[in-house]
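Notes for the one structure printed next.
Letters go in sequence order (proteins before strands), and every chain restarts at 1. Computed from a predicted model, the values in this text were never measured in an experiment.
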Number of protein chains: 2
Amino acid sequence: MRNTQQRRAILQQLRQTKSHPTAHELYELVRRQIPNISLGTVYRNLQRLATIGEIRVLRSGGQTRFDGETVPHDHVRCVRCGRVADAPAPQPSLTAPAEEHVEGFKIVGYRLEWLGICPTCAAQDRAATPTEELSPA
Amino acid sequence: MRNTQQRRAILQQLRQTKSHPTAHELYELVRRQIPNISLGTVYRNLQRLATIGEIRVLRSGGQTRFDGETVPHDHVRCVRCGRVADAPAPQPSLTAPAEEHVEGFKIVGYRLEWLGICPTCAAQDRAATPTEELSPA
DNA sequence: GTAAGTGCAAATGTTTTGCCAGGTC
DNA sequence: GACCTGGCAAAACATTTGCACTTAC
């Protein structure tokens with residue numbers, strides 16, 4: 001695999017952000033360094049980097065996000081805005097269900113995603129719901 | 001919300017299949033009962049049924065699948081073919097990480113997906129070369 | 001030099017939406 | 001009859017791909 005400036009920039013941006021960006025967000029970031037990079041190139045490289053295990057793909061909540069951190073860990077997703085943060089892996093690690101309980105599937109791993117409300121959305125909730133609207137008598 | 005024959009058929013089909021179909025698969029199933037139902041209607045109703053909690057939406061592996069079973073349980077996904085089966089919920093249930101470990105998110109739940117190889121794909125593996133898939137946890 | 005990689009644009013696949021007719025209450 | 005809903009088709013997105021040109025090695 002060639003070491004192109006595009007791939008280097010993509011990986012570098014992904015590694016130095018903790019925001020788990022979408023492909024398009026990453027595209028915007030990399031575009032500051034390489035203004036004429038194309039979105040297709042970003043997608044192509046993300047796919048390759050994922051295949052060789054350099055990055056991780058997070059699909060959930062209808063969005064695809066990318067994570068430059070390959071050390072095992074889980075994630076929390078805000079159910080309001082879709083923002084994703086890291087979460088520590090559970091202690092002790094999970095025990096896989098026996099094959100006879102999962103239609104004979106051989107378990108090779110798992111993905112655990114916590115669901116939550118991020119601080120920003122929690123603040124908005126407090127501002128939006130405090131008073132019920134009273135019906136005019 | 002009105003009780004239309006379309007919505008009844010969609011929910012009924014989803015409830016009586018254990019295959020966690022995609023929207024299009026469900027569309028094909030329902031079409032046997034209501035030949036001129038439209039894909040848009042299937043999507044609209046799945047969305048509504050999910051909103052009121054009658055069904056569950058599973059997004060992973062780049063596919064969106066639907067589950068008519070609302071009793072809490074987890075899933076196993078075949079990393080080769082994307083097929084999804086049910087898995088029992090872990091015992092004891094997971095303990096949420098403390099807020100300070102997840103950037104202040106308030107945890108409201110989790111989604112656990114086991115990754116595995118289904119019996120069909122395992123059989124094919126024995127005859128062909130293994131493939132790759134994205135990292136587990 | 002040459003094959004992998006890029007930019008661009010068109011194609012693909014999935015999900016959503018606007019509009020009006022038709023069914024439901 | 002009022003108003004949800006559905007059918008249909010177009011639109012909106014996200015992602016992939018074909019092709020000719022570049023570039024890393």
Side-chain angles (χ1 to χ4, degrees), chain A residues 1-14 19-52 54-67 77 79 81-84, chain B residues 1-14 19-52 54-67 77 79 81-84 131-134:
Chain A
M1 193 194 275
R2 276 193 205 168
N3 178 21
T4 62
Q5 79 167 295
Q6 286 85 344
R7 179 166 317 135
R8 244 179 290 129
I10 290 168
L11 187 52
Q12 179 201 327
Q13 279 296 339
L14 189 53
S19 70
H20 310 82
T22 62
H24 202 277
E25 284 165 357
L26 202 46
Y27 166 64
E28 293 297 347
L29 287 172
V30 175
R31 214 136 69 114
R32 297 190 202 149
Q33 287 175 242
I34 308 176
N36 68 328
I37 194 174
S38 78
L39 186 54
T41 295
V42 173
Y43 272 106
R44 260 187 298 234
N45 278 295
L46 287 171
Q47 194 174 284
R48 282 174 200 168
L49 290 166
T51 303
I52 62 172
E54 278 293 298
I55 66 173
R56 284 179 58 192
V57 183
L58 314 175
R59 292 185 206 262
S60 71
Q63 296 182 313
T64 302
R65 292 174 172 278
F66 298 86
D67 189 343
R77 171 168 58 88
V79 295
C81 68
R83 209 180 115 203
V84 170
Chain B
M1 192 194 278
R2 277 191 202 165
N3 177 20
T4 63
Q5 78 166 299
Q6 286 85 345
R7 178 164 319 133
R8 245 178 288 127
I10 290 168
L11 187 53
Q12 180 202 326
Q13 279 296 339
L14 190 52
S19 71
H20 309 82
T22 62
H24 201 276
E25 285 165 357
L26 202 45
Y27 166 61
E28 293 296 348
L29 286 171
V30 175
R31 214 137 68 113
R32 298 192 200 148
Q33 286 175 243
I34 309 176
N36 68 328
I37 193 173
S38 78
L39 186 54
T41 296
V42 173
Y43 272 105
R44 257 188 300 239
N45 278 296
L46 287 172
Q47 195 174 283
R48 283 173 198 162
L49 290 167
T51 303
I52 63 173
E54 279 292 300
I55 66 173
R56 284 178 60 191
V57 183
L58 313 176
R59 292 185 206 261
S60 72
Q63 294 183 311
T64 303
R65 293 173 171 278
F66 299 86
D67 190 344
R77 172 168 58 89
V79 294
C81 68
R83 211 180 113 202
V84 171
T131 43
E132 81 322 303
E133 173 43 35
L134 304 176

Using a 4.0 Å heavy-atom cut-off, does B:T22 contact any base of the nucleic acid, only the sugar-phosphate backbone, or nothing at all?
nothing

Any donor-acceptor N/O pair, A:Q33 side chain to A:V30 backbone, under 3.5 Å:
no

Could you work out which one of D:dT5, C:dT16, D:dG6 sits closest to the side chain of B:M1?
D:dT5

Rounding to a whole Å, what distance do you find between A:I52:CD1 and C:dG5:C1'?
14 Å

State which residue, out of A:L29, A:I34, A:L26, fulfils the side chain to side chain contact (heavy atoms under 4.5 Å, CB included) condition with A:I10.
A:L26

So does B:N45 get a side-chain nitrogen or oxygen closer than 4.0 Å to the phosphate oxygens (OP1/OP2) of D:dT5?
no

What's the CZ-P distance between B:R7 and C:dC25, to the nearest Å?
11 Å

According to a strict under-4.0 Å criterion, is A:T64 in side-chain N/O contact with OP1 or OP2 of D:dT15?
yes

Under the side chain to side chain contact (heavy atoms under 4.5 Å, CB included) rule, what do B:L14 and B:I55 come out as? Steps first, then yes or no, please.
CA-CA 9 Å; B:L14 190 52; B:I55 66 173; 3.6 Å; yes

Answer yes or no: does a side-chain N or O of A:Q47 lie under 4.0 Å from OP1 or OP2 of D:dT16?
yes

Check whether the side chains of B:S60 and A:R59 place a donor and an acceptor atom closer than 3.5 Å, and report yes or no.
no

Can you check the A:R31 CZ to C:dC8 P distance for me, whole Å?
10 Å

Any donor and acceptor pair, going by atom type alone, linking the side chain of B:H20 with main-chain N or O of B:V84 inside 3.5 Å?
yes

Does a side-chain N or O from B:N3 land closer than 4.0 Å to OP1 or OP2 of C:dG23, or not?
no

Distance below 4.0 Å between A:T41 side-chain N/O and C:dG7 OP1 or OP2:
yes

Does the distance from a Lys or Arg side-chain N to an Asp or Glu carboxylate O, for B:R48 and B:E54, drop under 4.0 Å?
no

Interatomic distance, A:L39 CG vs D:dC13 P [rounded to whole Å]
14 Å

Whole Å only: how far is the CD1 atom of A:I37 from the P atom of D:dT22?
17 Å

Looking across every strand, which nucleic acid part, if any, lies under 4.0 Å from A:R48 by heavy atom: base, sugar-phosphate, or nothing?
sugar-phosphate

Tell me whether the side-chain N/O atoms of A:Y43 come closer than 4.0 Å to OP1 or OP2 in D:dT16.
no

Where the side chain of A:R2 is concerned, which of C:dG5, D:dC3, D:dG7 is the nearest nucleotide?
C:dG5

Nearest-Å distance, OH (B:Y27) to C1' (C:dG13)?
15 Å

Check whether any side-chain nitrogen or oxygen of A:T4 sits under 4.0 Å from OP1 or OP2 of D:dA24, and answer yes or no.
no

In whole angstrom, what separates A:L46's CG from D:dA14's P?
15 Å

Tell me if the side-chain of B:R44 makes a donor-acceptor pair with the base of C:dG18, cut-off 3.5 Å, by modelled atom types.
yes

Between D:dG6, C:dG7, C:dA4, which nucleotide has the shortest distance from any of its atoms to the side chain of A:Q6?
C:dG7

Starting at the 5' end of DNA chain C, which residue's closest nucleotide do you reach first, B:Q5 or A:G40?
A:G40

Can you check the B:R8 CZ to C:dG23 P distance for me, whole Å?
14 Å

